[in-house]
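First the structure, in the form of structure tokens, and then the observations on it.
These values consider heavy atoms only, across backbone and side chains, with no hydrogens, waters or symmetry-generated copies. Protein chains get the first letters and strands the later ones, always in sequence-line order, with residue 1 at the start of each.
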Amino acid sequence: MATATDRRTDIGPPNYSRFLPPVIKKNYGQWKYHEILKPGVMVHVAESGDKLFTVRAASPRLVSIKKLRQFADLADKYCGGHLRFTSRNNVEFLLTDPSKIDALIADLKAIGHPVGGLGNSISNIVHTQGWVHCHSAATDASGVVKCVMDDLQEYFTQMKLPGKLRIALACCLNMCGAVHCSDIAILGVHRRPPKVQHDGLNKVCEIPNVVAACPTAAIRPAMVDGKQSVEVLEERCMFCANCFSVCPAMQMADPLNDGVSIWVGGKVSNARHEPMFSKLAVPYLPNTPPRWPEVVQAVRTIVEVWAKGARKYERMGEFIERIGWPRFFKLTGFEFTKQHIDDFRHAGLTYKRSAQLRQS
Amino acid sequence: MATATDRRTDIGPPNYSRFLPPVIKKNYGQWKYHEILKPGVMVHVAESGDKLFTVRAASPRLVSIKKLRQFADLADKYCGGHLRFTSRNNVEFLLTDPSKIDALIADLKAIGHPVGGLGNSISNIVHTQGWVHCHSAATDASGVVKCVMDDLQEYFTQMKLPGKLRIALACCLNMCGAVHCSDIAILGVHRRPPKVQHDGLNKVCEIPNVVAACPTAAIRPAMVDGKQSVEVLEERCMFCANCFSVCPAMQMADPLNDGVSIWVGGKVSNARHEPMFSKLAVPYLPNTPPRWPEVVQAVRTIVEVWAKGARKYERMGEFIERIGWPRFFKLTGFEFTKQHIDDFRHAGLTYKRSAQLRQS
Amino acid sequence: MADSNGKQTPLLDELEKGPWPSFVKEIKSMAKESPMCQDLLGQLEKSYGEKRGYWKHGGIVGVMGYGGGVIGRYSFLNEEFPHVAHFHTIRINQPSGWFYTSDAIRTLCDIWEKHGSGLTNMHGSTGDIVFLGTQTSELEPIFKELTEKDFDLGGSGSDLRTPSCCVGQSRCEWACYDTMQLCDHLTHHFQDELHRPAFPYKFKIKCAGCPNDCVASVARADMSIIGTWRDNIQIDQAAVKAYADGGMNIERDICGNCPTKCMQWDGKTLTIDNSNCVKCMHCINNMTKALRPGKDRGATILLGAKAPIVDGALLSSVLVPFIKLEPPYEELKDLIERIWEFWGEHGKNRERTGELIQRVGLGNFLEAIGVEPIPEMVAHPRENPFIFYEEYLEEGDEEE
Amino acid sequence: MADSNGKQTPLLDELEKGPWPSFVKEIKSMAKESPMCQDLLGQLEKSYGEKRGYWKHGGIVGVMGYGGGVIGRYSFLNEEFPHVAHFHTIRINQPSGWFYTSDAIRTLCDIWEKHGSGLTNMHGSTGDIVFLGTQTSELEPIFKELTEKDFDLGGSGSDLRTPSCCVGQSRCEWACYDTMQLCDHLTHHFQDELHRPAFPYKFKIKCAGCPNDCVASVARADMSIIGTWRDNIQIDQAAVKAYADGGMNIERDICGNCPTKCMQWDGKTLTIDNSNCVKCMHCINNMTKALRPGKDRGATILLGAKAPIVDGALLSSVLVPFIKLEPPYEELKDLIERIWEFWGEHGKNRERTGELIQRVGLGNFLEAIGVEPIPEMVAHPRENPFIFYEEYLEEGDEEE
Ligand code: SRM
Ligand code: SRM
Ligand code: SRM
Ligand code: SRM
Ligand code: SF4
Ligand code: SF4
Ligand code: SF4
Ligand code: SF4
Ligand code: SF4
Ligand code: SF4
Ligand code: SF4
Ligand code: SF4
């Protein structure tokens with residue numbers, strides 16, 4: 001049996017330079033400009049005059065080793081075995097010979113991977129595990145993403161939008177998909193306070209930790225049926241599930257009340273407007289697997305309102321800031337409710353503190 | 001002796017219509033436009049063609065009945081006995097005969113009241129009681145105002161500024177001068193925790209109220225020398241004096257540590273930019289009566305930086321937003337310190353959350 | 001100079017110098033007749049020397065049947081300056097818009113000459129006529145004489161504070177409702193609330209005729225009533241042209257400063273996309289002869305401004321984007337009463353309306369006072385995902 | 001379709017339809033060989049039917065000597081779906097920039113085929129290669145084979161999480177420092193912190209080469225390292241002209257969108273007032289051939305981003321406006337260590353750096369890590385007057 005001593009540890013990842021195509025090694029740090037040639041295809045031109053062509057293809061992110069081997073084969077066939085993935089989980093093939101581009105695109109399509117996502121398009125949806133892997137999920141991840149992108153695919157494969165549009169999904173408030181700064185964010189939400197499993201809570205969790213986990217002080221220690229446990233002041237609960245994160249006996253999943261919320265207008269880049277958080281557009285839509293039609297419809301509505309109304313380069317949040325939130329709600333037809341009004345820590349700062357109003 | 005029954009009560013103020021000049025009664029709600037004719041003088045023209053001339057004069061706000069009678073006499077002499085005061089405590093004479101304007105101005109000057117404050121000028125300083133009347137003051141009010149306006153008077157009597165500039169002073173954090181939305185705010189500050197008068201605190205104040213008054217939970221009940229009293233965790237105190245407001249035994253006044261802070265960039269009107277709070281420019285200047293030269297100098301520095309750099313119509317806050325705070329500190333030469341960084345309730349929201357920075 | 005008591009006031013004397021009118025001169029002008037003013041000078045000189053005030057907390061003083069209107073004030077230095085041992089102020093409700101006749105001024109002066117220091121603030125920060133410095137024994141006589149002349153006290157303590165308003169339609173062409181009338185009406189209607197503190201804390205109302213907000217209502221009033229309009233800005237194109245001919249850079253200085261950039265100037269015609277105008281007033285302010293607010297006028301009601309103690313200052317926020325304001329103002333008075341009712345029931349001691357709203361949540365507050373939530377009330381919808389729901393489905397419930 | 005187990009997955013089958021690549025197809029493609037994938041399909045179909053997940057909290061599982069890199073996962077339905085009774089994920093540290101050769105991909109696939117479900121995420125949200133689903137007994141073998149092929153695990157738990165970076169200088173003309181090199185360097189330098197959780201909570205580092213921030217560092221990393229420059233934007237006026245001739249509306253679309261309006265286009269020459277340029281990238285982004293970042297390049301360091309649990313989400317905020325980034329990056333590593341030291345000492349359990357800074361105050365935090373406060377760190381100075389001072393003068397002290 002292997003002992004600790006003959007194990008290699010703490011070696012870190014292989015150095016990236018092992019994987020760079022020669023054209024990149026040669027022109028590293030010497031790129032001059034780039035141009036988008038057509039949907040999903042761009043060229044970077046180096047000071048040396050060398051050119052690097054990138055073909056970007058969609059990916060469901062959850063990919064099997066079979067698919068990965070197909071990608072590897074395509075990389076061998078078209079670009080000396082060189083490929084990379086993007087920060088939004090697309091796959092990119094790195095070519096030096098532009099004549100091979102169309103064949104590559106055809107091959108990618110043949111295995112079900114449309115090419116696009118560059119420039120003023122909707123790129124891949126950053127997302128998370130959902131029911132495929134996470135204990136915490138209030139909705140599925142990959143399934144919702146599939147449905148939404150099936151519907152929006154035209155915007156991935158074409159560049160007909162005013163600017164970039166970035167969608168992200170997280171299946172619970174932990175927000176592993178970091179949806180909080182997305183043009184459109186799809187967020188799984190619980191809406192029922194934890195169902196405390198009094199039986200044995202005491203053994204799997206430390207009660208003081210559970211109590212401390214609650215940001216609204218909704219949890220307090222209690223004896224239930226002679227067992228040391230906790231009780232939840234339900235009217236104080238806003239379903240963050242932080243108690244569940246520290247204690248499995250605080251069950252949050254609840255088919256009747258779990259669902260999806262939709263947020264809009266966040267961004268990350270510093271281009272034009274500073275980074276912004278996304279804001280609540282739709283507080284709740286039910287989980288309706290397998291195709292989540294309500295979510296798909298809501299996202300499309302938002303995309304279309306923006307696509308139609310935004311000025312060139314204007315991201316969702318910039319667009320809404322210009323037209324004002326009242327008009328956003330009018331144009332989308334979404335209902336404005338009590339839930340849209342912040343009532344957490346910094347609530348007051350989101351109230352409209354001026355008389356600058358459009359006529360309604 | 002008068003009994004309650006023969007007293008007139010709850011009659012409210014006299015109806016304003018008793019005091020309106022005939023030209024106003026006639027043209028009430030029928031004004032068409034106005035023009036500023038020269039510093040401190042404007043004309044309002046009615047749909048009827050009638051004209052109302054207003055002459056605005058400075059006032060120290062603290063005025064004696066002698067001065068008031070002089071004003072009354074001037075009103076009789078020039079405008080049928082009609083005058084008013086403004087929301088910034090200036091006095092306005094309401095004339096129909098423009099030929100009398102210059103004589104009125106001369107008379108006002110003769111009794112020490114410069115005419116001005118209209119249009120793009122510095123109007124009167126909204127202020128409070130200070131050492132003249134309030135128990136809570138960390139600095140004087142009228143004295144500081146006098147010194148600052150002596151220095152800035154040229155900006156009152158002339159209209160050579162890019163826009164309006166509104167200064168306010170409050171002698172303690174209660175902010176009766178509502179300085180929190182001023183272009184320049186002068187604010188008296190304590191900087192020493194309350195000196196608890198343990199002797200008899202118990203009798204003049206309710207200890208639970210005193211404890212509850214503290215927003216940072218710096219106060220707790222304590223027995224001191226056998227007396228029921230409170231103790232102050234000094235490192236938690238930020239000198240708000242709220243404990244003193246509810247309990248006189250929590251003495252805040254302290255000649256060595258009291259002084260003045262300066263705030264900038266607030267506004268109230270909805271013109272162009274929404275209303276804004278003022279932000280900290282100088283955390284502390286000592287109380288140096290009778291002429292507070294440090295405060296006068298700091299205010300002038302700010303006024304001049306703005307006067308020189310602002311675009312037409314640009315209020316202080318709009319100007320600073322355009323040039324950025326780093327440059328404001330550079331131009332004024334004020335030191336940027338730890339104290340400038342918010343560390344209260346919503347602190348994090350004031351941090352710079354983007355990479356949009358000017359080169360330094 | 002030595003004051004008439006023979007005491008020196010070298011520090012205060014410095015404040016007689018300089019071009020700005022001097023409050024020290026004002027006090028001194030009364031010092032001959034008024035021992036109170038003499039002692040005030042003495043105590044103030046001492047404050048200037050020692051760099052601290054010498055006033056004590058006031059006890060409860062007032063006139064019979066009223067809980068507000070007088071601020072009690074006593075001196076720590078009552079032995080040294082016996083005439084300011086008591087030095088109470090009286091708040092007298094100003095007439096709307098701070099208009100006076102010379103007679104009215106003289107009436108006030110006469111009363112104050114007889115019963116107090118002869119020093120005033122014209123006006124206090126809330127808007128009252130402030131009589132600065134008298135003794136407890138003088139309060140009833142002053143009150144009697146004031147009411148005989150149709151003046152009454154203003155607010156203080158946990159009551160409705162003296163409402164105030166801008167000059168409005170009496171002189172200003174932009175007033176979108178009659179601020180003076182409304183202010184006067186509300187003041188008279190709510191006399192009981194003004195004189196008899198029964199609220200959790202103070203409540204201020206300020207009426208501004210247009211979004212220029214010349215009474216700083218958005219920053220200083222629990223209820224800010226700000227005039228506005230909901231149709232199109234009135235344009236006189238010939239007058240616009242005249243401004244251009246007069247050298248105004250309309251493109252840069254007017255259109256360029258419009259917060260929503262909804263104006264266009266093509267050198268001949270000024271066009272406004274009124275659906276995007278946020279009524280900021282900038283263009284109107286600077287082309288007074290060419291532009292005017294629309295004709296369908298009313299006001300925006302905002303709630304909740306206050307000074308920073310204890311959780312930070314607040315600006316008022318939108319409650320009603322547009323309301324018509326005509327006598328007898330029933331809708332508005334109704335709204336005010338619903339707000340007071342909820343605040344009276346749920347407000348903590350010393351909790352202003354703005355703080356209450358933040359504590360219970362604007363959404364819950366709206367529900368309680370019976371107002372629908374609308375997007376005009378927020379700068380933007382919430383960013384955090386911590387959404388409260390009062391109810392949830394249980395197994396066996398009907399599906400939604 | 002019935003899965004190979006004979007079980008029906010009618011709901012999941014719906015997700016094989018439509019143009020977007022299907023994760024269900026991916027899982028099904030493995031179902032023949034992998035009983036794990038079969039059971040995953042079964043459990044997932046059940047989730048789709050019942051509208052809830054069936055995974056339990058993971059226990060502590062991992063490889064010897066490491067505290068991070070594996071997320072334990074167990075099924076509630078272990079009797080119905082025994083092959084996913086254990087379904088742990090392994091996080092493998094990706095190479096900087098997510099570059100691979102086909103060989104490297106195949107190496108990873110071979111290992112995973114032998115020891116797990118054959119399902120992956122390329123990549124996880126933090127940046128790792130994620131191997132989705134294996135059993136405890138397979139962990140050591142996988143680790144051994146990975147390290148033999150020069151791969152190592154990524155972070156999880158309260159440790160340094162796997163740093164990631166944008167494609168940077170390898171392909172992007174705007175990268176203001178070598179993101180891939182820095183990311184690789186930091187990852188290797190801090191191996192111990194990455195593998196052995198000893199922090200109060202997780203700590204993420206993301207490296208973006210320019211303010212476009214293509215790794216979303218400002219929203220998703222405790223430390224966001226964003227490339228920038230401090231001299232003038234490089235302009236090729238001929239190329240600008242070419243854009244104009246090509247029909248670009250430079251005035252409206254470029255200058256008009258500059259956040260500080262510091263650009264001017266007179267139809268011939270584009271002028272930039274670089275002292276007011278905030279490096280937003282907009283103009284450069286859209287005139288790729290004409291404009292380029294300056295030559296004096298480095299990065300802005302920002303701190304503190306995180307997801308909303310439990311006080312609301314944070315964006316990172318400026319700590320160092322400009323720093324030169326050249327190997328061996330001593331200044332940066334030093335700074336990181338000072339931050340960790342303070343956080344390690346003062347951070348509460350499950351308190352991210354951003355939350356710690358808010359709790360102790362940015363000013364105090366700066367003092368503790370030895371960085372001077374400068375106005376670049378704030379959007380604006382404080383608005384509330386509640387200023388702490390640690391010291392005060394006592395009578396008898398020297399005057400300041
Ligand atoms: C490949 C990738 C970096 C990587 O290392 O993986 C990348 C690559 C490029 N980005 Fe990006 N960005 C990538 C994620 C991002 C992200 C992060 C994200 O989406 O989570 C952002 C921030 C988004 C946000 O603000 O929410 C991002 C904001 C930008 C921007 C700013 C766009 C804007 O107007 O706000 C540009 C400039 C532009 O496109 O005009 C840009 C430009 C570019 C350029 C043109 C840079 C270059 O010269 O190579 C690259 C191709 C552009 C394109 O996709 O149209 N990239 N880019 C990422 C591709 C993700 C994908 O598959 O779609
Ligand atoms: C008399 C008074 C109202 C009253 O009932 O007493 C008044 C009267 C006028 N204001 Fe005002 N404002 C008065 C206090 C205010 C205040 C409140 C304050 O300062 O505390 C404000 C808000 C200030 C702020 O934003 O901090 C105010 C913001 C304005 C504005 C917006 C200016 C801006 O660009 O932000 C205008 C429009 C303009 O001047 O272009 C305006 C315009 C006017 C006009 C032109 C309106 C008119 O047609 O009559 C009046 C003369 C202007 C002048 O003073 O230059 N008035 N005005 C107040 C005079 C105070 C004084 O003695 O100086
Ligand atoms: C006289 C006046 C200042 C002046 O010189 O003009 C004044 C004077 C006092 N104010 Fe005020 N406030 C005065 C207008 C204001 C304003 C401005 C306004 O109304 O527009 C504010 C800010 C707006 C607001 O209401 O928030 C103001 C905010 C306060 C506060 C803080 C309230 C808060 O919620 O944060 C206090 C503290 C308190 O109530 O305990 C306070 C308390 C006080 C007390 C009663 C002192 C105390 O702690 O008991 C002061 C009595 C001083 C004295 O001895 O004369 N005063 N006070 C103003 C009233 C005159 C009048 O009736 O016209
Ligand atoms: C796998 C991954 C999602 C994915 O599908 O990509 C993931 C999965 C989990 N995250 Fe995450 N997080 C993942 C990236 C993120 C990100 C995004 C990022 O790193 O850019 C975030 C938001 C950014 C941030 O760090 O704030 C994120 C914020 C959280 C949080 C909230 C942390 C907070 O401070 O608010 C939790 C809760 C916790 O730590 O207890 C969490 C907890 C979890 C746990 C471990 C669930 C838990 O409560 O213990 C999830 C395990 C799921 C599973 O069974 O597979 N995960 N998590 C991502 C890591 C893959 C990788 O290593 O590449
Ligand atoms: S967002 Fe929530 S449910 Fe989804 S992977 Fe992260 S922790 Fe799990
Ligand atoms: S879900 Fe959140 S708010 Fe509700 S009890 Fe748990 S920790 Fe508290
Ligand atoms: S600001 Fe403070 S010191 Fe000045 S009058 Fe008001 S309560 Fe008194
Ligand atoms: S001054 Fe304010 S912070 Fe200090 S003890 Fe008193 S109430 Fe607390
Ligand atoms: S608020 Fe408007 S209506 Fe009232 S005086 Fe000022 S400008 Fe005129
Ligand atoms: S009032 Fe303000 S928002 Fe409306 S058109 Fe004029 S400048 Fe623009
Ligand atoms: S962050 Fe900047 S340098 Fe990095 S890939 Fe994006 S555009 Fe290029
Ligand atoms: S980078 Fe941004 S701020 Fe700088 S000149 Fe270009 S558009 Fe303006």
Side-chain angles (χ1 to χ4, degrees), chain B residues 173 175 180 187 189 191-193 215-216 234-240 254-257 261 263-266 277-281 283-284 286 320-330 336-360, chain D residues 208 211 213 218 224 226-231 259-261 274-280 294 300 302 304-305 312 314-318 321-322 354-355 357-358 360-364 366-367 373-390 392-395 397 399-400:
Chain B
L173 267 52
M175 285 202 190
H180 54 292
L187 176 65
V189 290
R191 295 194 311 153
R192 181 178 180 154
T216 62
E234 298 204 334
E235 68 285 1
R236 286 217 193 148
C237 178
M238 44 58 172
F239 325 105
C240 70
D254 185 88
L256 279 180
N257 297 286
S261 58
W263 306 71
V264 297
F277 288 119
S278 312
K279 281 103 186 164
L280 183 61
Y284 179 76
I320 300 175
E321 267 193 9
R322 177 170 57 78
I323 66 164
W325 286 96
R327 191 160 303 158
F328 172 81
F329 281 93
K330 205 172 206 172
F336 185 86
T337 67
K338 188 176 155 178
Q339 277 77 34
H340 288 92
I341 303 177
D342 194 1
D343 53 6
F344 201 59
R345 293 271 185 275
H346 308 305
L349 302 174
T350 67
Y351 302 165
K352 176 75 177 180
R353 301 217 176 271
S354 90
Q356 285 196 5
L357 292 170
R358 286 173 176 78
Q359 67 210 16
S360 35
Chain D
D213 199 359
V218 80
S224 319
I226 301 181
T228 191
W229 64 97
R230 58 179 170 188
D231 53 350
T260 60
K261 305 281 176 292
N274 280 279
S275 72
N276 277 312
C277 164
V278 288
K279 284 87 182 143
C280 85
T300 301
L302 305 93
L314 298 175
L315 288 162
S316 285
S317 71
V318 175
F322 188 87
E355 294 166 315
I357 293 172
Q358 298 215 21
V360 303
L362 177 55
N364 293 330
L366 293 173
E367 239 169 45
I374 49 172
E376 280 80 358
M377 294 170 176
V378 296
H380 56 75
R382 68 163 62 232
E383 291 173 341
N384 69 68
F386 305 137
I387 308 178
F388 288 92
Y389 285 91
E390 278 114 31
Y392 54 85
L393 296 173
E394 303 251 24
E395 258 142 287
D397 288 357
E399 294 257 334
E400 277 175 290

Under 4.5 Å from any heavy atom of chain B - which part of D:Ile387: both
Partners of B:Arg327 by side chain to side chain donor-acceptor pair (under 3.5 Å), sequence neighbours excluded? D:Asn276
What part of D:Leu366 gets closer than 4.5 Å to chain B, counting heavy atoms only: side chain, backbone, both or neither? side chain
Could you tell me whether the side chain of B:Arg191 and the main chain of B:Phe239 form a donor-acceptor pair under 3.5 Å? no
Which one of B:Ala281, B:Pro193, B:Gly266, B:Pro215 has the most heavy-atom pairs closer than 4.5 Å to chain D? B:Pro193
If I measure from the heavy atoms of chain B, does D:Thr228 come under 4.5 Å with its side chain, its backbone, both, or neither? neither
D:Trp229 versus D:Pro211, closest heavy-atom pair with distance: CZ3-CD, 4.4 Å
Euclidean distance, D:Phe322 CZ relative to D:Glu376 CD, rounded to 0.5 Å: 13.0 Å
Name the option with the most non-hydrogen atom pairs under 4.5 Å to chain B; the candidates are D:Gly312, D:Ala305, D:Ser317, D:Cys277. D:Ser317
Results of side chain to side chain donor-acceptor pair (under 3.5 Å) for B:Thr216 - residues two or more places apart only: none
Cut-off 4.5 Å, heavy atoms of chain B, and the answer for D:Asp231 is backbone
Measuring from atom CE of B:Met238 to atom CG of B:Leu173, what distance do you get when rounded to the nearest 0.5 angstrom? 8.0 Å
Interchain contact, D:Glu390 with chain B, by part (heavy-atom threshold 4.5 Å): side chain
Against chain D, work out which of B:Ala347, B:Ser278, B:Ser261 has the most heavy-atom pairs shorter than 4.5 Å and name it. B:Ser278
Counting heavy-atom pairs under 4.5 angstrom with chain B, the leader among D:Ser224, D:Gly361, D:Ser275, D:Gly304 is D:Ser275
Max heavy-atom pairs within cutoff under 4.5 Å with chain D, candidates B:Cys240, B:Pro326, B:Ala355, goes to B:Pro326
Expected output: side-chain B:Asp343 to main-chain D:Gly363 donor-acceptor under 3.5 Å: no
Between B:Arg353 and B:Gly348, is there a donor-acceptor pair closer than 3.5 Å when you use the side chain of the first and the backbone of the second? yes
Checking heavy atoms, do the side chain of B:Glu235, its backbone, both or neither come under 4.5 Å from chain D? backbone
Engaged part of D:Glu395 at the chain B interface, taking heavy atoms whose separation is under 4.5 Å: both
Would you mind reporting whether B:Trp325 and B:Ile320 have side-chain heavy atoms less than 4.5 Å apart? yes
Between D:Thr260, D:Asn364, D:Val218, D:Val360, who has the most heavy-atom pairs with chain B when the cutoff is under 4.5 Å? D:Asn364
Tell me, out of B:Glu321, B:Glu234, B:His180, who's got the most heavy-atom pairs with chain D below 4.5 Å. B:Glu234
